[in-house]
Amino acid sequence: MQDEDDAPQHPYKADTKQNQEYPVPDPLARPNPRPRRSVLYMPGANERALEKAKSLPADALILDLEDAVAPDAKAAARERVAAAAASREYGHREVTIRVNGPGTPWHADDLRAAAAAGPDAVVVPKVDSAATVRAVERALEAAGAPDRTAVWAMLETPRAMLDARTVAAAGERLTVLVLGTNDLAKELHAEHVPGRAPLLTSLSLSLLAARDTGRAILDGVYNDVRDLEGFEAECVQARQFGFDGKTLIHPSQVDPCNRVFAPSDAQVDHARRVIDAFEEAARAGRGVATVDGRMIENLHVEDARRILAVAAAIDGTADGTVFGTVDRH
């Protein structure tokens, strides 16, 4: 067995063998970033739902083998979901498979099937330690998962929140953190209330972990599919916090989510003017510029470039662009 210290170094791996951290660049700073505004759970046991997903305007899909599938339907759903992910019939949509959690009777078989199908990512529930991330990655490697298949880790417990940065920095394939706010609220004995005051600390901790390690991060679901006003308010809150998008449980939530998490025309215009003004100032030998009466520094330019990258990525999905299959980010 190959010693871990002698293993080939991943191109994004930091020289930190003792703590085994694998920081990666900001996903939005990479060429052709993938938008993840709307990430829709689809029940793996429902063939009609898997077919319908091909026409939905979601940025990404989570083909679910966990909560949405009864125990006696797990095996059949696994086969159906693996075939769907392997079909490559979902266009620009990022296709992921949520496996059953570590310690369940279905976890190992789910990982093997997912590795063979080669989705864009494998979503792993109940991740609360770096050891879990590494175990999942070893299992995927052993099962022959292609390099294109990333790992998304779901943070759903108090321990996961307290160790969020350690989890986020744990793996070579890990690219996205996904909040499981329903399970988290249950673990905390917290109530679901407008504004999510009981969860704000957890939202902040997970977001800090994602940004410090260069991972993308998705907010949890909103349970009342009839309350579109409340749903949109929660999307706005998540965007203001800095989340990249939100996980969804119903197709009716996709359009408002896409709208909220997309840069507005005014934001795109302002971002372009910020960059133009700063570049003009630089040519004149000045380190700062002003736009609309406000001082502009390099940090504002970086944010403007991020906004334009997001807008360009969204435009790419609108015109049918299919993102590459090598870059996991």
Side-chain angles (χ1 to χ4, degrees), residues 24-42 53-54 56-64 85 90-98 119-125 127 148-155 168 171 173-181 203 206-207 209-211 213-222 231-232 234-251 253-264 267 306-329:
V24 298
D26 181 349
L28 295 176
R30 299 180 64 82
N32 300 320
R34 301 192 76 151
R36 298 185 178 102
R37 299 165 297 169
S38 54
V39 181
L40 179 63
Y41 285 101
M42 302 301 294
K54 297 175 183 178
L56 296 174
D59 288 336
L61 304 167
I62 298 176
L63 311 186
D64 192 14
Y90 290 87
H92 71 270
R93 299 163 194 82
E94 195 168 11
V95 177
T96 74
I97 296 175
R98 179 162 75 162
D120 292 302
V122 175
V123 183
V124 185
V127 176
R148 66 185 297 275
T149 298
V151 171
W152 294 10
M154 294 196 70
L155 307 181
R173 291 179 181 258
L174 179 63
T175 59
V176 178
L177 303 180
V178 183
L179 287 192
T181 45
L203 297 179
S206 57
L207 187 64
R211 293 296 172 248
T213 56
R215 271 54 173 174
I217 185 166
L218 303 173
D219 190 18
V221 301
Y222 189 82
F231 169 72
E232 186 162 338
E234 194 165 287
C235 287
V236 170
Q237 181 196 45
R239 186 201 67 211
Q240 291 173 341
F241 257 77
F243 284 88
D244 298 296
K246 190 169 180 64
T247 50
L248 313 175
I249 59 173
H250 195 272
Q253 297 175 327
V254 173
D255 284 335
C257 193
N258 281 344
R259 184 180 68 255
V260 169
F261 279 98
S264 66
Q267 287 176 307
R306 180 189 63 81
I307 288 170
L308 294 184
V310 173
I314 293 169
D315 287 344
T317 64
D319 67 17
T321 299
V322 177
F323 287 83
T325 59
V326 176
D327 186 351
R328 296 182 187 136
H329 311 286

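- With rounding to the nearest 0.5 Å, the separation of SG in Cys235 from CZ in Phe261 is 5.5 Å.
- Remark: the backbone N or O of Ser264 is paired with a side-chain donor or acceptor of Gln267 at under 3.5 angstrom.
- In this structure, Ala313 and Pro35 approach most closely via the heavy-atom pair CB-CD, 3.7 Å.
- The main-chain N or O of Pro119 is found under 3.5 Å from a side-chain atom of Thr149 such that the two form a donor-acceptor pair.
- Of all heavy-atom pairs spanning Ala216 and Ala210, the tightest one is O-CB, 4.4 Å.
- Of all heavy-atom pairs between Tyr90 and Lys54, the closest is CE2-CG, 3.4 Å.
- Between the side chain of Asp120 and the backbone N or O of Val95 there is at least one donor-acceptor pair closer than 3.5 Å.
- Within the model, atoms CG of Leu177 and CG of Leu218 stand 8.5 Å from one another, a figure rounded to the nearest 0.5 Å.
- For the pair Met154/Leu179, no side-chain contact is recorded, criterion being any heavy-atom separation below 4.5 Å from C-beta on.
- Shown here for Thr175 and Ala150, the closest heavy-atom pair between the two residues is OG1-CB, 3.6 Å.
- Checked by atom type and distance alone, the side chain of Arg37 never pairs as donor or acceptor with a backbone atom of Ala262 at under 3.5 Å.
- Using a 4.5 Å heavy-atom cutoff, the side chains of Ile314 and Val310 are in contact.
- Between the CD atom of Glu234 and the OH atom of Tyr222 there is a distance of 6.5 Å, given to the nearest 0.5 Å.
- At least one side-chain heavy atom of Pro125 sits less than 4.5 Å from a side-chain heavy atom of Arg98.
- Remark: Arg93 engages no residue in a salt bridge (Lys or Arg N to Asp or Glu O under 4.0 Å) (not counting sequence neighbours).
- A search for salt bridge (Lys or Arg N to Asp or Glu O under 4.0 Å) contacts involving Asp219 returns Arg196, Lys246, not counting sequence neighbours.
- Interatomic distance, CH2 of Trp152 versus CD1 of Ile217, reported as 12.5 Å (0.5 Å rounding).
- To the nearest 0.5 Å, the span separating CG on Leu248 from CE on Met42 amounts to 11.0 Å.
- Here the shortest heavy-atom pairing between Leu155 and Ser206 reads CD1-CB, 4.1 Å.
- Using a distance-only test at 3.5 Å, with no hydrogens or angles considered, a donor-acceptor pair links the side chain of Arg215 to the main chain of Thr213.
- Looking at heavy atoms from C-beta onward, Val39 lies out of side-chain contact with Leu61 at the 4.5 angstrom threshold.
- Expressed to the nearest 0.5 Å, how far OH of Tyr41 lies from CD1 of Ile62 amounts to 4.0 Å.
- The shortest distance between side-chain heavy atoms of Val122 and Thr96 does not fall below 4.5 Å.
- Looking only at distances, no side-chain donor or acceptor of Gln237 sits under 3.5 Å from a matching main-chain atom of Glu232.
- In summary, of the residues considered (Leu40, Asn258, Asp244), a side-chain contact (heavy atoms from CB on, under 4.5 Å) with Asp59 occurs for Asn258 alone.
- Inter-residue side-chain proximity for Arg34 and His92 is flagged as unmet; no heavy-atom pair is nearer than 4.5 Å.
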